[in-house]
Structures are given as structure tokens and as C-alpha cells.
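Have a look at the structure below, then the notes.
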Number of protein chains: 2
Amino acid sequence: MKLSSQAQAFVLHFGEMGSRWGFNRTVGQMFALLTIHPSPLNAEQLAQALKISRGNVSMGLKELQAWRLIELHHQPGDRKDYFTTAGSIWDLARTVFEERRKRELDPTLSLLRQLLLNEPQDDLDAQAQEKIQEVYSLLELLEEFTNTLSKLEHQDLLKLMKLGSGIVKLLEFKSKMTGGPSRSS
Amino acid sequence: MKLSSQAQAFVLHFGEMGSRWGFNRTVGQMFALLTIHPSPLNAEQLAQALKISRGNVSMGLKELQAWRLIELHHQPGDRKDYFTTAGSIWDLARTVFEERRKRELDPTLSLLRQLLLNEPQDDLDAQAQEKIQEVYSLLELLEEFTNTLSKLEHQDLLKLMKLGSGIVKLLEFKSKMTGGPSRSS
DNA sequence: TACAATTTTCAGAAATTTCTGAAACTTAAG
DNA sequence: CTTAAGTTTCAGAAATTTCTGAAAATTGTA
């Protein structure tokens, strides 16, 4: 399990970024290593390659499974658990995206929904309520939009992402077709 | 500076979520409070309302300014600095989105670009290089797409987000118009 | 210039998160 | 059933992040 200097750099960087993406350094490194390594790896190999404890690897694998980013394999005649990343790079990106939505958006939507049930007691309260409503509307729309995106076929998603400023043209066309009012701006 | 229980809950929740959104608890709370409070607040008021030290407030304000999420105001005859959030809820969301792209995507793109300059030394290296290229292509596309989105007019963005599964129809139409091959799948 | 109000800085304290490694647990095979 | 290979757990240690508060720096006013 010696890593090329390329792989080394890749793994270390994903460790650094890990915390910005929602997991800790070693989980980031484990994920990167499983991504860049051509064959399944077992816990011992991960621990050795990343120079971390066996226990830490176990916890990291559990976390990556909770993220649905890795899957378990077995080699004939070997009792060890081997792991690979779950699907293509695109599949993985989609999964990270969905899991992050779940962790970063859903709890807030849920709380704001709760808050909006309360009747405002006074004027100040009513003003706050209004702001809460605004935030809620935006986040709800974002939730629906990201949900739509993550349900798109790979092909369609690709097309959409490649549109660039062509998006505006397409939207304008849509307005015309459905008879919506044109915007002057 | 007494907070209604609504505001209280809102602020505390944003504190909890803060770490998932890229800032720490008190920064999250400060941002929430400035969002929900109808008038500008000074450092003393923030410290008092959130029960945190004056020094912590100063650091938090610096951070929120680095995120371009707040702006400074002055009240006539008062030397204190007063702060409000910078723009509408939509403006703020857009800013958070852009800053996060900058922090979560750009450094990785930059590293991967670097790695792709190296010539693979052996076969294993070449395989790794291929994976790096795949990740790079995806992230680059994502960067361009999010960049497109964040440049859209509010109106257009709203339209796009409200399309839902209508997006597929629009993409199909686009294919037809530009003569691209139709997909069977 | 002197002064007082205000903000910023930053060393160390406190809180939180991550990691280790030994013990407990699980499981497949004889 | 027993054993050994392998995995998970978790209490405490280590590392990291956040926070405090006093001192230093800045700024507006007279």
C-alpha cells in the first residue's frame, strides 16, 4: 500500500477540505483513498496507508456508510471486509449533495415551519415572523430545486449544467410559450 | 435588547447550524440576530443579547465582514459602529452560496489542476491520474454552473427554480431546436 | 495635543472534536 | 463448543477550535 506522490497529495488535500465538506480529516482521507485506489481496501490497509489507528478507521467507515458513500465487498477465502466507493464519481457527487441537503437544510426548514405556527404576540413579534417567513420561503424553494436537480438523469443534468448563459434564453422562450408577462428590467 | 421567544429560537438554531454552514456558533448567532432584528445593532448590544464577550463579537463581526454578509452604519451623534445584514434575504443567500463555492470548490480545483500537470510515471500512476481528471471535470462543470446561477437575475433564478420537472421538458425542447440527438433511455 | 470612547488583538482558558488502543463483541470454521 | 480472525466500542488522551478579558491600538472631539 505505497501511494504515488500524486495519490498522496490527493488524499492529503481531501483531508484538509474534509471539514469544509462535512466530515473530519481522516474521513476525508479515507474517502479520497478509496476513490483513487483502483481496488477494494480493507480496514488494515486504510489504517496503514493513512497512519491512523484501527479504531479510527472503524469509526470512519461507519460514517462513510452513513453517508452512503462506500460499499462493502468480500474476497473469496478472506474474512476481512473490503470497501470501495459506491458508484461513479458522478454518483458520489450526487450522494454528497443529497446528504448535505439533508443535514444543512432540512433541520432548519423543520424549525422554521415550527416557528411559523406560533401566533405573533405583538408588533415586534410580527416583524420577526415576517422575516422568518421570508427565510422559510427561500429555503423551501431551494430544497425543491435541489431535489429536482438530484432527480435528473445524468444526461439531463449534464445538459443543464452546460447551458451556461443559454439558460436565460431558454427561460425567455418558456415565458413566451406559456404567455407569461415579459420582463423589462 | 430582549428577544421574543421566536427570535430566541431562531438565533439559537442558527448557532447550532452555523458549523454546518461554514462558521462557528457565535458567528451563526450574530448573523441570525442581525437578520431578524429590524434595526442596526452595535457590538455592545450583540454581546449583551447573545451573552458573549466583547472580544468575541469583534472577531465575529470581522468574520461576517469577510463573508460580505453585514454592513456598517453610523447613527448621527453616536461614535459606535452599527451593523445590519447586507441586502435582502435573497442577496444574503446568494452571498453565502458564492463564498462557500470559493472556500469549498476553488482550492480543490486549484490543487487538481496542479496534479494534472505532472506526467504519470507508471501504470498505477496513470490510473490515478484518470480518476483525478474525472473529479476535476466534474468540479469544474459544477463551478461553471454555480457561477452561472449566481449571476442570474433574481427573476430568472426564481423562474428556473420554480420549473420543477418542467426542466426536463425544456431541455428536450432545446435538443429538438438545436438538432441534438434524442436520447432513448 | 490630550483625552475619552470605542474597537481590535491575542495569550491563555475553556469547550469541543477527534483519535488511540485495549477490551468487548461478533462470526466463520473446525 | 472452541478458537481465532476480524470488527466495534468507548473512556480517556491529544489536538483543535472557540472564547474571554485585559491591554494595546485607533479614532473623533475639543
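Here is how names work: the chains are called A, B, and so on, in the same order as the sequence lines, proteins then strands, and each is numbered from 1. Just so it is clear, the model here is predicted, and its values are computed rather than measured.
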Rounded to whole Å, the CG-C1' distance (A/L72 to D/dG6) equals 13 Å
Smallest heavy-atom separation, B/R101 atom then B/N147 atom, equals NH2-OD1, 3.6 Å
So the salt bridge (Lys or Arg N to Asp or Glu O under 4.0 Å) pairs with at least one residue in residues 112-134 of chain B (sequence neighbours excluded) are none
B/H74 atom NE2 is separated from D/dT27 atom C1', nearest whole Å, by 10 Å
Side chains of residues 60-70 of chain A: which donor-acceptor pairs under 3.5 Å do they make with residues two or more places apart or in other chains?
unit_1 : atom_1 : unit_2 : atom_2 : d
A/E63  : OE2    : A/W67  : NE1    : 3.2
A/R68  : NH1    : A/E99  : OE2    : 2.3

By side chain to side chain donor-acceptor pair (under 3.5 Å), A/N56 pairs with (sequence neighbours left out) none
B/I52 has its side chain closest, among C/dT20, D/dT20, D/dC19, to D/dT20
Going by atom type alone, with no hydrogens or angles, which donor-acceptor pairs under 3.5 Å involve a side-chain atom of residues 12-23 of chain A and a protein atom two or more places apart or on another chain?
unit_1 : atom_1 : unit_2 : atom_2 : d
A/H13  : NE2    : B/T108 : OG1    : 2.8
A/R20  : NH1    : B/R103 : O      : 2.9
A/W21  : NE1    : B/E104 : O      : 3.0

Here the distance between atom C1' of D/dT20 and atom NZ of B/K51, to the nearest Å, is 17 Å
message: Quick check: is A/M161 connected to B/F97 through a chain of hydrophobic side chains (ILVMFWY, heavy atoms under 4.5 Å apart)?
response: no
* Asked: In terms of side-chain heavy atoms, does A/T148 have a donor or acceptor partner in A/E144 at a distance below 3.5 Å?
  -> no
Contact under 4.0 Å: B/T26 side-chain N or O vs D/dT18 OP1/OP2:
no
Expected string for nucleotides 5-15 of chain C under the B/S/- scheme (protein heavy atoms, under 4.0 Å, primed atoms plus P, OP1, OP2 as sugar-phosphate) is BSSBBB-----
In short, A/Q6 meets B/L115 closest at the heavy-atom pair NE2-O, 3.0 Å
Taken to the nearest whole Å, CD/A/Q48 to P/C/dG21 is 14 Å
Contact check, residues 30-37 of chain B vs DNA chain C, heavy-atom distance under 4.0 Å, returns none
